[in-house]
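Since the structure comes first, as structure tokens, the remarks are kept for the end.
Every number for a ligand or one of its atoms is a count from 1 in the order of the listing.
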Amino acid sequence: MSEETRKFQTEVQELLNLVIHSLYSNKDIFLRELIANAADAIDKVRFESLTNSALKSDWRITIEPDKARGTIRISDNGIGMTRNELIENIGTIAKSGTREYLAQLKTSDSKNIPELIGQFGVGFYSAFMVADKIELVTKRAGSDEKAIRWTSKGESSYTIDESDAIEHGTSITVHLKPDCKTYLEDWKLKEIVKKYSDFIEHPIILISVKKKKDESSVPEMETINSMKAIWLRTANEITDEEYKQFYGHLSHFDTDPLLHIHYSAEGTSEFRALLYIPTKAPFELLMPDQHKTGLHLYIKRVFITDNCPGILPEYLRFVKGVVDSSDLPLNISREMLQDNPGILKINKNLVRKIISELKNLFEKDRTKYDSFFNDFGRFIKEGVHSDFQNKDKLTELLLFESLDNPDKKLISIKEYADKMPADQKEIYYISGESREVLEKSPHLEFLRSKKFDVLLMTDPIDEWILQSIPEYSGRKLKSAGKGDFELDEKTKSEKDDKTKKAVEEHKTLIEFLKKQLEKDVRDVRFSTRLTESPCCLVGGENDPSIQMEKIFKAMNREIPKMKRILELNPDHPLVESLQGLYNRNSSDPKLAEFAEMLYDQALLTEGIPLPDPLKFSKRVAMLMVDGIKGTSKG
Ligand code: ADP
């Protein structure tokens, strides 16, 4: 095979561009990334060696600075890569959504970029922060293919060629940029390894050349990490800094975690877990097809997989960490893992623990919890819908905005319920696209007059979730825009009297409106929820809400046209006037026009586009002319 030059995938070029122009704040992490990759590669070959004894080896990672050449070489005797694997892994980025992510980076404010990219995890490419040129030689364990040499200056292309290396594994030579020569110093390398990679469970050996008195030189080898798996140590001897560094290693993020959970389970299932909740939702989580779990599974300290689907429910896919089981069988195949009862036990155990830690955070540090919920509330909601067993506990973790908290403070359903006045029987909510729109909704007029708070649901997923929470501690969750309110006796009888009277007085008008608007509404009646507006549209108890209908429309999904109920405010002077007009001449053509305008107004207050806006505006214009005539006459 002769040397071949290939272009990086566009996304890689863009990413390299960002990396090289040193948007990443901390250059040291390149070493962490290369060591993490080396350790992963060893974990993989060690797993294969369980069934292939030819692969036994002394697993190790070496670091060799070479002052004369200005290079540093990081080598491992791990799994290595075939030619195709190399092209796939290092020339392209397989992560879904990368393109969208990079587009977002390009348009964002440059000072936010380090933070954003910190949540992306640039891995191998981070080495280009410190390198003019990188050479990588790799040979796949257990393959007959010759070793491959890969070279790039981090511009738009790289070359590949054969190499005569014989040991399996990967060796990466970084040609340091002139201003990055500190990475040739032993002390610097030791410092970085100690900081970020101390717990790597394979030896990291620093090989440095020492000049002897007689000018001859000898390589000296020193293992510079302690190799103590952090999750196996006891919590009180681990510093916060160490927890953070391990998180950096696991997640490849350059941001600190929000919370860590270090946990040891005993009894029917024995395992240790070190879990992390990120501070911000990393970009990959926002991609719909990214459903890999964030946990690395070890069995008796042997790495098994970083994608064990059954180990956590999907809605907890934002949790990162390590689980090390001491009772699962080591020789289990990765395919069989998911159905293993041991995995199921771990799953149950972890879910319980994570939920209780979140509850703890909710109680102890509300500011932090709010920030968690802003980023990960979606996942909790997903859990309410999908995890039947833990539904109640997860429901307690939900937060919403509410009418009584104009500063947008978030409250839980329990906090809402605790504040309910004695004459309030139901928990009210209203859904819509934004707080601003909802605050103006006519559906809230009566509730407001009673000083009842209302939960504001502005996340499209909210309504869907609410189907799983028909009630909370004996109180019904009730949409302000649907059905009838459950009222205390006094208010109810007052309302009933008023409605009864209105129905008697305006029977003929109501009949007329029903007939006139037959094709649009399924009933016309007097309202208990309006105090100011003349009319509004309401749904039946089990109808999809207007918000839901809008979401479906936005998704281009056909749904049958929903007929709603037109409610009139019995106290509004418009009702009286219309009745007067009707009594004078029940076939006045104006009546039909006003009926339609009434319906149009109701649509407008719901933020629903009018079927014929032009007609509406002509009618309003005519009314204005009439109104002006009226005033100039009088
Ligand atoms: P990540 O580690 O997040 O997957 P990287 O860009 O660091 O992203 O690496 C991409 C892929 O290249 C890795 O997933 C791995 O398959 C492969 N790789 C990187 N370094 C090594 C190595 N030292 N040995 C074997 N494979 C490696």
- Message: Given 3.5 Å as the limit, does a donor-acceptor pair link the side chain of K300 with the main chain of L328, or not?
- Response: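 Checking the backbone N and O of L328 against the side chain of K300, a donor-acceptor pair under 3.5 Å is found.
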
- Task: Please could you name the atoms of ligand 1 that G123 approaches to less than 4.0 Å, counting only its heavy atoms?
- Result: 7 (O)

- Identify, with sequence neighbours excluded, every residue that meets side-chain hydrogen bond (donor to acceptor under 3.5 Å, both in side chains) alongside D462. K381

- Should the heavy atoms of other residues, nucleotides or ligands under 6.0 Å from NZ of K348 be counted, would the total exceed 12?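 Incorrect, the count does not exceed 12.
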
- Message: Assess the residue pair K194 and N225 against the criterion (side-chain contact (heavy atoms from CB on, under 4.5 Å)); give the C-alpha distance rounded to whole Å, side-chain angles, the decisive distance to 0.1 Å, and a yes or no.
- Response: CA-CA 6 Å; K194 200 83 217 144; N225 61 327; over 6 Å; no

Short N/O distance, under 3.5 Å, between [X] and ligand 1?
{"X": "N89", "result": "yes"}
{"X": "N37", "result": "yes"}
{"X": "F124", "result": "yes"}

- Query: Using a heavy-atom cut-off of under 4.0 Å, does the side chain or the backbone of M81 touch ligand 1, or both, or neither?
  - Reply: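 Contact part for M81 vs ligand 1: side chain (C-beta onward).
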
- ligand 1 versus L34, non-hydrogen atoms closer than 4.0 Å: side chain, backbone, both, neither? neither

- Item | Any residue meeting ring pair (Phe, Tyr, Trp, His ring centres under 6.0 Å) with Y276, in chain and number order, not counting sequence neighbours | Y247

